[in-house]
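Below is one structure, written out as structure tokens; the observations come after it.
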Amino acid sequence: MFGDAVGLRARTESDVPVLHAELYNDVAMRSRADNRAWTPVPVATSPYAVGVGSDTAAEFSVIERATEELVGEAVLWEIDRHNRCARLGLSLRPRFRGQGLGTDVVQVLARYGFATLGLHRLQLETLADNGAMISAATKAGFQSEGLLRQSAWVSGAFADQVIMALLADESPNL
């Protein structure tokens, strides 16, 4: 699936060491992006390892359309086919951040979730100070639904999280 600047594709074995080194081993960023405590793991058991498919998650590598270079990862997770909803997440390699690619990734994930999977609702939770994700989601049509006060343990302190969601009939990307 493609957006204006990025594409989503299946993860390949050659993606794994890059994503592991630049996303997983960036402890400060990973601690902000994942609700699980960071622990050191070798690339062979990386959370980015190529695995078998799942009914509850759709994991993608993100590429830049112009160069086909690996930009990061994107995922729909906790896919609930009965209630037709899922959660959305993404992480970009450091040198690709701040270029507006996140908005395109969110739009392509939303189109995949709604048009391909037939979902009705996509939701994300992000730290309240994550302006980049909040901006990307807002530009893609997501609306803020609330604040989870001090709900995330990040680097030795509790932080607030914002909940945002987009419904299929509100999506400008279909």
Side-chain angles (χ1 to χ4, degrees), residues 1-11 15-16 19 23-24 29-39 45-63 71-92 100-154 158-174:
M1 297 205 64
F2 292 98
D4 293 334
V6 302
L8 303 182
R9 63 161 169 76
R11 185 150 312 134
D15 296 342
V16 177
L19 295 173
L23 300 181
Y24 188 80
M29 184 59 70
R30 182 73 182 192
S31 296
R32 293 177 51 79
D34 197 317
N35 62 358
R36 298 166 291 191
W38 184 89
T39 57
T45 59
S46 174
Y48 298 107
V50 176
V52 295
S54 166
D55 287 340
T56 60
E59 299 174 343
F60 299 95
S61 285
V62 179
I63 59 165
V71 170
E73 62 104 13
V75 61
L76 290 181
W77 54 287
E78 286 189 6
I79 298 171
D80 178 340
R81 299 218 187 245
H82 175 72
N83 293 303
R84 296 177 50 209
C85 60
R87 293 183 176 191
L88 177 148
L90 67 102
S91 188
L92 301 179
L101 299 176
T103 300
D104 206 27
V105 174
V106 172
Q107 291 170 335
V108 177
L109 273 176
R111 191 167 58 250
Y112 173 77
F114 295 140
T116 303
L117 298 182
L119 299 178
H120 172 69
R121 173 187 167 86
L122 295 176
Q123 176 177 315
L124 64 89
E125 298 86 27
T126 191
L127 295 177
D129 67 355
N130 187 351
M133 186 62 188
I134 293 168
S135 176
T138 300
K139 289 176 184 174
F142 280 69
Q143 296 180 32
S144 178
E145 292 191 332
L147 181 72
L148 299 171
R149 298 179 310 134
Q150 297 186 7
S151 62
W153 182 252
V154 180
F158 284 102
D160 295 344
Q161 289 184 299
V162 173
I163 300 172
M164 300 181 77
L166 178 65
L167 302 180
D169 61 1
E170 299 170 340
S171 179
N173 305 305
L174 290 180

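- In the displayed structure, D55 atom CG is contacted under 6.0 Å by at most 12 heavy atoms of other residues, nucleotides or ligands.
- Contact detail for L124 and L88: the closest heavy-atom pair is CB-O, 3.6 Å.
- Heavy atoms only, all atoms of each residue included: R36 and D34 are closest at NH2-OD2, 2.6 Å.
- Using a distance-only test at 3.5 Å, with no hydrogens or angles considered, no donor-acceptor pair links the side chain of D160 to the main chain of A128.
- Closest of all the heavy-atom pairs between L90 and G102 is CD2-O, 4.1 Å.
- When all heavy atoms of F2 and V108 are compared, the closest pair comes out as C-CG2, 3.8 Å.
- Using a distance-only test at 3.5 Å, with no hydrogens or angles considered, no donor-acceptor pair links the side chain of R87 to the main chain of Q123.
- Atom-to-atom distance recorded for L119:CG and N83:CG is 10.5 Å, nearest 0.5 angstrom.
- Proximity of a side-chain donor or acceptor of S171 to a complementary backbone N or O of A168 within less than 3.5 Å is not detected.
- The distance from atom CD1 of I163 to atom CD of Q143, rounded to the nearest 0.5 Å, is 14.0 Å.
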Inset, instruction - Tell me, with the steps shown, if F142 and L122 meet side chain to side chain contact (heavy atoms under 4.5 Å, CB included). - result: CA-CA 9 Å; F142 280 69; L122 295 176; 4.0 Å; yes
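- A salt bridge is absent between R121 and E170; no separation between the charged side-chain nitrogens and carboxylate oxygens falls under 4.0 Å.
- Here the CZ-CG distance, from F114 to L109, works out to 10.5 Å after rounding to the nearest 0.5 Å.
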Inset, instruction - Quick one: do E78 and T56 satisfy side chain to side chain contact (heavy atoms under 4.5 Å, CB included)? Show the steps, please. - result: CA-CA 5 Å; E78 286 189 6; T56 60; over 6 Å; no
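- Taken from CD in Q161 to OG1 in T126, the straight-line distance is 7.5 Å, to the nearest 0.5 Å.
- A pairwise comparison of heavy atoms in A136 and V106 identifies CB-CG2, 4.3 Å as the closest pair.
- A distance-only check finds no donor-acceptor pair linking the side chain of D80 to the backbone of C85 [under 3.5 Å].
- The backbone N or O of G131 lies less than 3.5 Å from no partner atom in the side chain of S135, so there is not a single donor-acceptor pair.
- You'll find the side chain of Y112 reaches within 4.5 Å of the side chain of L117, heavy atoms only.
- Residues V6 and I63 have side chains not in contact (no heavy-atom distance under 4.5 Å, counting atoms from C-beta outward).
- Taking both residues in full, the closest heavy atoms of I79 and L76 are given as CD1-O, 3.8 Å, listed atom of the first, atom of the second, then distance.
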Legend entry - Check against side chain to side chain contact (heavy atoms under 4.5 Å, CB included), M133 and L127: CA-CA 9 Å; M133 186 62 188; L127 295 177; over 6 Å; no
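- Looking at D15 and R9, a side-chain N of the basic residue comes within less than 4.0 Å of a carboxylate O on the acidic one, giving a salt bridge.
- Counting only heavy atoms from C-beta outward, the side chains of E73 and Y48 approach each other to under 4.5 Å.
- Once rounded to the nearest 0.5 Å, the distance linking CD of Q107 with CG of L166 reads 10.0 Å.
- How far CE of M164 is from OG of S144: 6.0 Å, rounded to the nearest 0.5 Å.
- R30 is listed as a side-chain neighbour of P47, based on a closest heavy-atom distance under 4.5 Å.
- Judged purely by atom type and a 3.5 angstrom limit, W77 has no side-chain atom pairing as donor or acceptor with the backbone of E59.
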